[in-house]
Structure formats: C-alpha cells, structure tokens
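Accompanying notes for the structure given below.
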Amino acid sequence: MAEELTLASKWDAAIDIALFFRMVIFGHLPEWLRHPLLAAGLAGLVHAGLGWLRTRFGESPDEDEPVQELDVRVR
C-alpha cells in the first residue's frame, strides 16, 4: 500500500502559527506585557496591510512632482 503525503496549505500553517502565538501571549505573559505586545503586533499588521494596498493599487502621482514627457518622433 502506498501512503499519500498530505501537505498543509499556507493557510493551515498560518492558522497554526496564529494559534501558537495566541497560546503564548494569552497563556504565559502577564497582562502588563500582553497588551502592549498585542497593540504593537496589530499596528504592524495594519502598516503592512496598508503598504500592500498602496503597492497593489498604486498611488496617484503627486501634483508637485513633475511628469517627464517623452519626445517620440515617428517617421
């Protein structure tokens, strides 16, 4: 009999990592350290998400930046 090898998807791995951090943060850290770490982690996630959105959908060019026009001559 051949056994099938099942690999975890990236979402399963992400959920496992999140559950591990949840266990570590809520299970073993004192409250005075837990809340600042949660706030810093969430701020980092928001910052990364906004950066991803900015690169994904692009920023509109600023009005102050000069736009370089190309002089293309076609014969």
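Remember, it's a predicted structure, so these values are computed and weren't measured experimentally.
Taking CH2 of W11 as the start and CG of D16 as the end, the distance is 13.5 Å to the nearest 0.5 Å. Taking CG of L42 as the reference point, atom NE2 of H47 lies at 14.5 Å (rounded to 0.5 Å).
Two different hydrophobic clusters hold I15 and I17 under the rule that ILVMFWY side chains link at heavy-atom gaps under 4.5 Å. In the hydrophobic clustering of ILVMFWY residues, with side-chain heavy atoms under 4.5 Å counting as a link, F21 and M23 come out together. Hydrophobic clustering (ILVMFWY, side-chain heavy atoms < 4.5 Å, transitive): L33 and L38 are in one cluster. L45 is not connected to W52 by any chain of hydrophobic side-chain contacts under 4.5 Å among Ile, Leu, Val, Met, Phe, Trp and Tyr, and they are in different clusters.
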